[in-house]
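Below is one structure, written out as structure tokens; comments come after it.
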There are 2 protein chains.
Amino acid sequence: MKPDKTPAAKKQPRRKSAAARASRAGPGARGGGRKARSAGRREAILAAALEEFSARGFEATRLDDVAKRAGVAKGTIYLYFRDKESLFQELIRAMLTPLVGTIEAMGAADLPVAALAERIVDLFVREIFETRRADVIRLMISEGRRFPKLAEFYYREVLSRIIAAMRAILRRAAARGEVPQALVDFPQLIAAPGLVAIVWGGLFERYEPLDVRKMMRAHIDLLFAPRRAA
Amino acid sequence: MKPDKTPAAKKQPRRKSAAARASRAGPGARGGGRKARSAGRREAILAAALEEFSARGFEATRLDDVAKRAGVAKGTIYLYFRDKESLFQELIRAMLTPLVGTIEAMGAADLPVAALAERIVDLFVREIFETRRADVIRLMISEGRRFPKLAEFYYREVLSRIIAAMRAILRRAAARGEVPQALVDFPQLIAAPGLVAIVWGGLFERYEPLDVRKMMRAHIDLLFAPRRAA
DNA sequence: TATAAATGACTGACCAGTCAGTCAGTCAGT
DNA sequence: ACTGACTGACTGACTGGTCAGTCATTTATA
């Protein structure tokens, strides 16, 4: 043992250098008050978590990687989220909850279904399929089974409300004879191609690209084409 | 070194007792020749793997648990499968490959689509939805993204062939005016509710049960109902 | 200066994959 | 028919590596 310069040098290989660290932190680290910076950190962590979770799945994601991507030390994650699962749940909650309002609002304007269907397809493609929300839904589908709490939350706060909104619209339309009763019983049939699009996009896009807009259009044409029998 | 009874007794706290082990091994362990027993073991491991993988997902599954469930030591798994991933791929391959033939055979009998649709719904419910194959498809959906090899295999050997078979059927039906052209372009639209059924079954069944047969029936009624415009 | 925020080395648990050792079954030689 | 050497299927303790979560220490802010 050589005492050398430092008296008790048992574990001091710390601190790279203040300068190096200061220049590394991402946006939100510099901003105004504590509040603002804190919120920025939280966002950065969520964004990084989205990348990592959707690339690797829940189990295979390392919080070290999330931290690195967020420009933050691992410990910092634990200042904002209780644990890994909590971070995961919060991510899904934050991404999907806003959808509900948008869709419920759609039912308010009492349009003919054809026009409504148009809008819904557009909404789906622009706000879900072409955004990170598609990844989050893929995560929900992939991991939901092992997080019953999360599945329940998602069913209660998102799915059931979307289904209820769709039923309300469809019931009115059915009363006008615009759609068959079957759709009121199974609104899932309307959304089904959306699910196909999301799953296909994740798995087979590279082998056989799918023109989602065209498929959705074909689907609503099929459903709402005028029929001979009532 | 003492020759003694055992030559090298460096670490020998092994072997519970021959009797204990003999009475533990499951079916297939006793049977006829080496071949038969070997095949039995393989089956037992695959069955156990199905249980564990579909309950926990790929990453979270421990091979110790698979071994225990199969009534086998962990090392034995490595006599039959190269590694964990290999076991996983083999499981999916073994469960889904047989489907192709069945579905391709369906196209052979040149029935009217309505009758065919009937049969296909029945096939789906009985041979997929109500069996372990549904779990395997859920696994494929959940994990496929992180196993591109597996996704490609599945696309090439299963999906693309099923789609091709469906297209052949639909093209004939479209020529007879039984279905709209759109379905030939997007056979996915026919299968979409099947995907919904599988995903729903895994995530939300307990919160809102879904009558799959009824939904599928409603779906084919919608698609094949007689239309005013050609 | 006092307080809060952030850091990252460290710990304990966990687990895929390995391999030295064991044993049931086989069969050539008697 | 019996024996004992041989084979290879099977076992499970062990290793090496990984990673979630902690906390003593350092840095930034009020």
Side-chain angles (χ1 to χ4, degrees), chain A residues 8-22 24-26 28-42 44-45 49 52 56 58-68 70-88, chain B residues 5-26 28-42 44-45 49 52 56 58-68 70-88:
Chain A
K10 196 159 54 175
K11 34 173 172 172
Q12 49 73 273
R14 297 290 191 77
R15 309 296 95 185
K16 297 171 175 187
S17 95
R21 246 174 321 104
R24 150 157 85 26
R30 264 303 85 177
R34 294 257 248 245
K35 272 262 189 61
R37 188 161 65 257
S38 181
R41 283 268 151 101
R42 205 187 131 89
I45 293 168
E52 296 291 329
R56 298 187 222 303
F58 178 80
E59 289 280 349
T61 290
R62 283 158 302 192
L63 289 191
D64 277 307
D65 291 347
V66 173
K68 193 182 294 179
V72 137
K74 180 152 66 136
T76 306
I77 293 176
Y78 289 86
L79 298 176
Y80 293 90
F81 303 93
R82 194 164 26 63
D83 55 17
K84 191 184 181 185
E85 189 171 329
S86 191
L87 169 61
F88 183 68
Chain B
K5 281 181 182 176
T6 49
K10 196 159 52 178
K11 31 175 173 169
Q12 45 74 270
R14 299 289 191 76
R15 307 295 97 185
K16 298 171 175 186
S17 94
R21 245 177 320 104
S23 70
R24 157 161 74 30
R30 254 325 63 185
R34 294 256 246 247
K35 271 263 189 63
R37 186 158 68 256
S38 181
R41 282 271 152 99
R42 206 186 131 91
I45 293 168
E52 295 292 328
R56 298 188 220 301
F58 178 81
E59 289 280 350
T61 290
R62 283 158 302 189
L63 289 192
D64 276 307
D65 290 346
V66 173
K68 194 182 295 177
V72 137
K74 181 152 66 138
T76 306
I77 293 175
Y78 289 87
L79 298 176
Y80 292 90
F81 302 94
R82 194 164 25 62
D83 54 17
K84 192 183 181 185
E85 187 172 330
S86 192
L87 169 61
F88 183 67

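Protein chains get the first letters and strands the later ones, always in sequence-line order, with residue 1 at the start of each.
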Kindly give the heavy-atom pair with the smallest separation between [X] and [Y], and that separation in Å.
X: B/Ala60; Y: A/Glu59; value: CB-OE2, 3.5 Å
X: A/Leu63; Y: A/Leu87; value: CD2-CD2, 4.1 Å
X: B/Ala70; Y: B/Ala44; value: CB-O, 3.7 Å
X: A/Ala67; Y: A/Ala73; value: CB-C, 3.9 Å
X: B/Ile77; Y: B/Val66; value: CD1-CG1, 4.0 Å

To the nearest Å, how far apart are [X] [atom1] and [N] [atom2]?
X: A/Leu79; N: D/dA28; atom1: CG; atom2: P; result: 16 Å
X: A/Asp65; N: D/dT18; atom1: CG; atom2: C1'; result: 12 Å
X: A/Ile77; N: D/dC19; atom1: CD1; atom2: P; result: 14 Å
X: B/Arg42; N: D/dA9; atom1: CZ; atom2: C1'; result: 16 Å
X: B/Lys68; N: D/dA13; atom1: NZ; atom2: P; result: 12 Å

Shorter than 3.5 Å, N or O on both sides, protein versus nucleotides 15-18 of chain C: list them out with atom names.
residue: C/dA16; atom: OP1; partner: B/Thr61; partner atom: O; Å: 2.9
residue: C/dA16; atom: OP1; partner: B/Lys84; partner atom: NZ; Å: 3.4
residue: C/dA16; atom: OP2; partner: B/Leu63; partner atom: N; Å: 3.0
residue: C/dA16; atom: N7; partner: B/Lys74; partner atom: NZ; Å: 2.9
residue: C/dG17; atom: OP2; partner: B/Tyr78; partner atom: OH; Å: 3.0
residue: C/dG17; atom: OP2; partner: B/Lys84; partner atom: N; Å: 3.0
residue: C/dG17; atom: N7; partner: B/Lys74; partner atom: NZ; Å: 2.8
residue: C/dG17; atom: O6; partner: B/Lys74; partner atom: NZ; Å: 2.8

**Q.** Residues forming a ring-ring contact (aromatic ring centres under 6.0 Å, His included) with A/Phe58, sequence neighbours excluded
**A.**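 If we apply the ring-ring contact (aromatic ring centres under 6.0 Å, His included) test to A/Phe58, skipping adjacent residues, the hits are A/Phe53, A/Phe88, A/Phe147.
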Q: Would you please confirm or rule out a distance under 4.0 Å between OP1 or OP2 of D/dA9 and any side-chain N or O of B/Tyr80?
A: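 For D/dA9, OP1/OP2 do not have a side-chain N/O of B/Tyr80 under 4.0 Å.
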Q. Is any side-chain nitrogen or oxygen of B/Arg41 closer than 4.0 Å to OP1 or OP2 of D/dC10?
A. yes
Q: Write out all pairs satisfying side chain to side chain donor-acceptor pair (under 3.5 Å) with one or both partners inside residues 75-88 of chain A, taking only residues at least two apart or from two chains.
A: A/Ser38-A/Tyr80, A/Glu85-A/Gln89
Q) For DNA chain C, what dot-bracket results from Watson-Crick or G-U pairs at under 3.5 Å, with [ ] for crossers and | for inter-strand partners? A) ||||||||||||||||||||||||||||||
Q) Going through the checks in order, is the side chain to side chain contact (heavy atoms under 4.5 Å, CB included) test met by B/Arg41 and B/Leu79? A) CA-CA 10 Å; B/Arg41 282 271 152 99; B/Leu79 298 176; over 6 Å; no
